[in-house]
Novice: 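Right, I'll just put the structure down here and ask away after.
Quick note: residue numbers are just sequence positions, from 1. Predicted, not measured: the structure shown is a model, and the values here were computed from it.
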Amino acid sequence: MADTLPSEFDVIVIGTGLPESIIAAACSRSGRRVLHVDSSYYGGNWASFSFSGLLSWLKEYQENSDIVSDSPVWQDQILENEEAIALSRKDKTIQHVEVFCYASQDLHEDVEEAGALQKNHALVTSANSTEAADSAFLPTEDESLSTMSCEMLTEQTPSSDPENALEVNGAEVTGEKENHCDDKTCVPSTSAEDMSENVPIAEDTTEQPKKNRITYSQIIKEGRRFNIDLVSKLLYSRGLLIDLLIKSNVSRYAEFKNITRILAFREGRVEQVPCSRADVFNSKQLTMVEKRMLMKFLTFCMEYEKYPDEYKGYEEITFYEYLKTQKLTPNLQYIVMHSIAMTSETASSTIDGLKATKNFLHCLGRYGNTPFLFPLYGQGELPQCFCRMCAVFGGIYCLRHSVQCLVVDKESRKCKAIIDQFGQRIISEHFLVEDSYFPENMCSRVQYRQISRAVLITDRSVLKTDSDQQISILTVPAEEPGTFAVRVIELCSSTMTCMKGTYLVHLTCTSSKTAREDLESVVQKLFVPYTEMEIENEQVEKPRILWALYFNMRDSSDISRSCYNDLPSNVYVCSGPDCGLGNDNAVKQAETLFQEICPNEDFCPPPPNPEDIILDGDSLQPEASESSAIPEANSETFKESTNLGNLEESSE
């Protein structure tokens, strides 16, 4: 850095995940001086990557190791009455990574991502289909990343020699985006590798060599059309995050699309589930008697608190058992359990199931026929939106800027400063740190859960319809005791997360084993590997997998701060992503921590009306007025915010 940072702030935030970004925005909006740093890129485990960016991320984790500096830059700055908490420089939140490539390997040395400015090389090992099981080994618990294995099929082009390693020519875009300006305050521009690469790209008019054939070189070339989320979530249309986006007017930085359909998997088949009243009565899957049964039960769920006698004797049993006591057919029980409530058969109580069903129904109709929204360009856009808000109100951002340690006063046991990678001491009153930055000795008593994730690139939808622009969610129930239901979210190209002619599929569940062991059985039920022999066969029913990634991610949510050893009282812990479908946990966590830092202050209030900004000397002093308030989040109109308000027009 050419210039040193200011030496004092009110709040220092380490990590740019969604909770940290919301808190940084809220503190900056409340007039606090905020420094927001991250040792890598925007989003942490909430980030989205282009395809080449994902390959770079994989290689970065593969080569990740603790780097011990020979020069004690920060140790010399620790005084006698101080002690240091050295922050971890190795991210151990990702484990058991396995990569498989099924698309034809027709790569040439000159193949690169469209619009790329700089090549980035990632090694991918190829193997034929019979060798894949042997080559794709699993790492030990201490390893953060396994060797990437790429499963290849024998019917591929001669260039894919099973005994040789292929150099995959990806590309990491290093150009800068334009500055984002608002209210005469500019958000510092960042490189495209740090922000989601949503710059429009010229259409590729090259004819494909075979009908419906998609090759690996095409995926590489169109890599910037992909925005691949590390964590797969949706937004409930009446959830806390949507309400916060509207209230704070951060929604102007993002665009959203409706989830167009909810699917169910029964008896080896995928079918669409009716959601709205109109869908129920138009459904051909339900008999007239079932339609009446379902509408009666859902009407009860909307106001179940008014009828305690209906569930009072069933509070101690699971929701699955409760549904059996109602006048519902097995078909309706399955739909309510797995496609509406989306709760566990064994772990969810009757009350949990009724609350989940009511929440689903409450969110229907606000922006479409399903309760869910998805942000264009991926989930990784959301942390960036709040970072923009923080920067607009004066927050300072430093990416790829590591913090060496926290400086703690021995007497008061409070943190007083950080020391960064350049040896600069920066003082602050409050410190927010994402969980993965803490050293192992501080987290020795923490019991982490794990999330199993899979990301697939496929050539068609799991349920073919007249429209190829469907966004779907599907829950596959657990088959065996001790395992968990798998959530499947399928994204089409209109979500700006994949190239045309492909679908991006995310699978998520709570881990019981490695990600591949947890999810592979579901993948095999819904998809088949891509082969050259089958590409001419138009009768193939299942979508074909072109590329697949499996990994386990740490779930650090809902951990009490008392579990961390010797945590200073003014250091607050932010968790990584949880396994839930929505983002309510992140918003609740952010608001709770904000109230500890700024008690009795409004959490992310609406921005001031530009007409109410008073020019005082050379500085802008925003003053909110009643006229600047945005309409309430529970408004039924489509005028709640610029982009959310136009959502219906942007949906397919």
Novice: Indicate, with yes or no, if the rings of Phe386 and Tyr253 have centres closer together than 6.0 Å.
Specialist: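 Between Phe386 and Tyr253, the centre distance exceeds or equals 6.0 Å.
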Novice: Measure centre to centre between the rings of Phe374 and Phe256, then say whether the value is under 6.0 Å.
Specialist: no
Novice: Whether the side chain of Glu601 engages the backbone of Cys598 through a donor-acceptor N/O pair (distance < 3.5 Å, no angle test) should be reported.
Specialist: no
Novice: State, yes or no, whether a side-chain contact exists between Tyr42 and Cys387 at a heavy-atom distance under 4.5 Å.
Specialist: yes
Novice: May I ask you to decide whether Arg516 forms a salt bridge with Glu98, counting only side-chain N to carboxylate O separations under 4.0 Å?
Specialist: yes
Novice: Tell me every residue that passes side-chain hydrogen bond (donor to acceptor under 3.5 Å, both in side chains) with Ser557, counting only those two or more places apart in sequence or in another chain.
Specialist: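 Ser557: side-chain hydrogen bond (donor to acceptor under 3.5 Å, both in side chains) contacts with Arg449, Asp555.
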Novice: For the pair Lys416 and Glu82, find out whether any cationic side-chain nitrogen is under 4.0 Å from an anionic carboxylate oxygen.
Specialist: yes
Novice: Is the NZ or CZ atom of Arg33 both under 6.0 Å from the centre of the six-membered ring of Phe9 and within 45° of that ring's axis?
Specialist: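 Negative - Arg33 is either too far from the ring of Phe9 or too far off its axis.
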Novice: Could you tell me whether the side chains of Ser412 and Asp409 share a donor-acceptor contact shorter than 3.5 Å?
Specialist: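 A pair is found: one side chain offers a donor N or O, the other an acceptor, under 3.5 Å apart.
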Novice: Between Val523 and Tyr550, is there a side-chain heavy-atom distance shorter than 4.5 Å?
Specialist: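 Result yes, sub-4.5 Å side-chain heavy-atom pair found.
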Novice: Looking at Asp518 and Arg453, is there a salt bridge between them, counting it only when a charged N and a carboxylate O are closer than 4.0 Å?
Specialist: no
Novice: Checking Arg32 side chain against Ser30 main chain: does a donor-acceptor pair fall under 3.5 Å?
Specialist: yes
Novice: Please give me the minimum heavy-atom distance between Gly44 and Asp38, naming the atom from each residue.
Specialist: N-OD2, 4.5 Å
Novice: Would you please say whether a donor-acceptor pair under 3.5 Å links the side chains of Gln589 and Thr592?
Specialist: no
Novice: Please round to the nearest 0.5 Å and tell me the distance separating atom CD of Gln450 and atom OG of Ser556.
Specialist: 10.0 Å
Novice: For Phe551, which residues count as a ring-ring contact (aromatic ring centres under 6.0 Å, His included) partner, sequence neighbours excluded?
Specialist: Trp57
Novice: Do Glu83 and Arg413 meet the salt-bridge criterion of a basic N to acidic O distance under 4.0 Å?
Specialist: yes
Novice: Within the structure provided, determine whether Val573 and Val571 are in side-chain contact (heavy-atom separation under 4.5 Å).
Specialist: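 Sidechains of Val571 and Val573: no contact.
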